[in-house]
K.L.:
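Dropping a structure here in structure tokens format, bear with me for questions.
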Amino acid sequence: MKKLNKKENFRVPENYFSDFNKKIYLNFGIKESFIVPQDYFNKLTFSKINNKNKSVFRIRVISTVAASLIFLFFSYNMFIKPDQQDLFDENLLIFSDYDIYNSLYSDDISANDMIDNSKSYDYLISTMTYQDDLLILE
Amino acid sequence: MSKSKSISLKDFESKLIKDLKDPFKQSKAFEILLDKYKEKVYFQIRRIVLNHDDTDDILQNVFIKVFRGIKGFKGESKLSTWIYRIAYNESINFLKLKEKKYFYSSEIMMNTMVNNLREDPYFDGNEVELKLQAIISRLPKQQKIVFQMKYFQELKFREISEILGVTTGALKASFHLAKQKIIKELKSNQTF
């Protein structure tokens, strides 16, 4: 039998199919149940977001600077140790006669690397004792 | 008619993106963007985190990220899809942080969140609606998100696919399973 009209004569309400799934649930009495405070969306403006953006940026900068300062403080204390600076007393760096003598006649320390040999030789000659003479003669 | 409408929408979006990237027009364009998307994004987040205060916080973070990231937006997806993706990621990250903060498993946390709805002044649901939220909260993560996006937000599977990075086939299957579970549990007399 020849079809008289291929056109669909039955019409459905607008958005019927898109709302079809929803209707199944609406049969159970379900609706949008989340509500928002009055005027919430009106108060959510660009300036509010922008202010928060600025404050977030400020907090990040402050946190980064604070973290860097803390890092520097601990690094300074760990590696430079200011409480040990007292040990570098100027007087301790001056060799006593005994140190110079001990250095020259000891195999452990190469005194030649540390002192001006010509000056120390003159110093030794000028301060030479009897026992030093004996040692040199040996 | 619908074709011309879709073209004009596309043109509107292109102009909006262009203005958002222009330092002189940025403020005005951002106001337009905010007006257009704030409600939709709010409810997308709200259905995931359930609480208004948390939603408000996340929503503002989402728009800050949009504001900062718009220069890098290449237009490979729709602007709305990009914003929904940011909102989804922010909401999920928020829940993960909350789980870590309170040493909760995700299941316990979701139960707590749903139970808190009873006392929430911004929840206007009856027992059936509370039951629906409880059922949704018990769904596996993907089924839950797909159901919320499809049923409440009425997004297309193609859009959801772009937001979640999952194939439309997998999404359809997840939605179907979620729907079956929800109908089955709503029909039963099970209480939560």
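The figures that follow rest on heavy atoms only: side chains count, while hydrogens, waters and symmetry mates do not. Chain A is the first sequence line, chain B the second, and so forth, proteins listed ahead of strands; every chain is numbered from 1.
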K.L.:
Does any non-hydrogen side-chain atom of A:Tyr40 lie less than 4.5 Å from one of B:Lys38?
P.N.:
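Answer no - side chains too far apart.
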K.L.:
Would you compute the distance between atom CG of A:Asn50 and atom CD of B:Gln60 and round it to the nearest 0.5 angstrom?
P.N.:
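Answer for the CG-CD pair, A:Asn50 versus B:Gln60, is 11.5 Å.
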K.L.:
Tell me, for A:Thr45 versus chain B, whether the close heavy atoms (under 4.5 Å) come from the side chain, the backbone, both or neither.
P.N.:
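Backbone of A:Thr45 only, per the 4.5 Å heavy-atom cut-off to chain B.
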K.L.:
Honestly curious: do A:Leu69 and A:Phe73 fall in one hydrophobic cluster under the side-chain, below-4.5 Å linking rule?
P.N.:
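In one cluster with A:Leu69: A:Phe73, no.
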K.L.:
Is it the case that one hydrophobic cluster holds both B:Phe94 and B:Tyr102, taking links as side-chain heavy atoms less than 4.5 Å apart, direct or via other members?
P.N.:
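Yes, B:Phe94 connects to B:Tyr102 through the hydrophobic network.
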K.L.:
Test of understanding: clusters of I, L, V, M, F, W, Y form through side-chain heavy atoms closer than 4.5 Å, transitively. Do B:Ile86 and B:Leu97 belong to the same one?
P.N.:
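Per the 4.5 Å side-chain linkage, B:Ile86 and B:Leu97 are not co-clustered.
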K.L.:
What parts of residues 72-85 of chain B touch chain A if we use heavy atoms and a cut-off under 4.5 Å?
P.N.:
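Not one residue of residues 72-85 of chain B has a heavy atom under 4.5 Å from chain A.
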K.L.:
Side chains of residues 52-67 of chain A: which donor-acceptor pairs under 3.5 Å do they make with residues two or more places apart or in other chains?
P.N.:
from, atom 1, to, atom 2, distance (Å)
A:Lys52, NZ, B:Asp57, OD1, 2.8
A:Lys52, NZ, B:Asn61, OD1, 3.3
A:Asn53, OD1, B:Arg68, NE, 2.9
A:Asn53, OD1, B:Arg68, NH2, 2.8
A:Ser55, OG, A:Asn51, O, 3.4
A:Ser55, OG, A:Lys52, O, 2.9
A:Ser63, OG, A:Ile59, O, 2.4
A:Thr64, OG1, A:Arg60, O, 2.6

K.L.:
Are A:Phe34 and B:Phe43 close enough that some pair of their side-chain heavy atoms sits under 4.5 Å apart?
P.N.:
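With C-beta onward as the side chain, the pair touches.
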K.L.:
Kindly check if the number of other-residue, nucleotide or ligand heavy atoms within 6.0 Å of NZ (B:Lys172) is above 12?
P.N.:
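Counting neighbours around NZ of B:Lys172, 12 or fewer heavy atoms of other residues, nucleotides or ligands fall under 6.0 Å, so no.
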K.L.:
Where on B:Phe63 is there a heavy atom nearer than 4.5 Å to chain A: the side chain, the backbone, both, or neither?
P.N.:
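Backbone plus side chain of B:Phe63, per the 4.5 Å heavy-atom cut-off to chain A.
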K.L.:
B:Leu33 versus A:Phe46: any side-chain heavy-atom pair under 4.5 Å?
P.N.:
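They are not in contact (no side-chain heavy atoms under 4.5 Å apart), so the answer is no.
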K.L.:
Does B:Lys18, at its NZ atom, have more than 12 non-hydrogen atoms belonging to other residues, nucleotides or ligands within less than 6.0 Å?
P.N.:
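At most 12 heavy atoms, drawn from other residues, nucleotides or ligands, come within 6.0 Å of this atom.
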K.L.:
Using non-hydrogen atoms and a 4.5 Å limit, figure out which bit of B:Asp56 sits close to chain A: side chain, backbone, both or neither.
P.N.:
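Both parts, heavy atoms under 4.5 Å.
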K.L.:
Given the rule that I, L, V, M, F, W and Y join up when any side-chain heavy atoms are under 4.5 Å apart, are B:Leu177 and B:Ile183 in one cluster?
P.N.:
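No; B:Ile183 is not reachable from B:Leu177 via cluster members.
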K.L.:
Check this for me: B:Lys21, atom NZ, are more than 12 non-hydrogen atoms of other residues, nucleotides or ligands nearer than 6.0 Å?
P.N.:
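For B:Lys21, atom NZ is crowded (more than 12 foreign heavy atoms under 6.0 Å).
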K.L.:
Crowded around B:Lys65 NZ? As in, over 12 foreign heavy atoms under 6.0 Å?
P.N.:
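No, not enclosed.
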K.L.:
When you compare the side chain of A:Val36 with that of B:Glu39, does any pair of heavy atoms fall below 4.5 Å?
P.N.:
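No - every pair of side-chain heavy atoms lies 4.5 Å or more apart.
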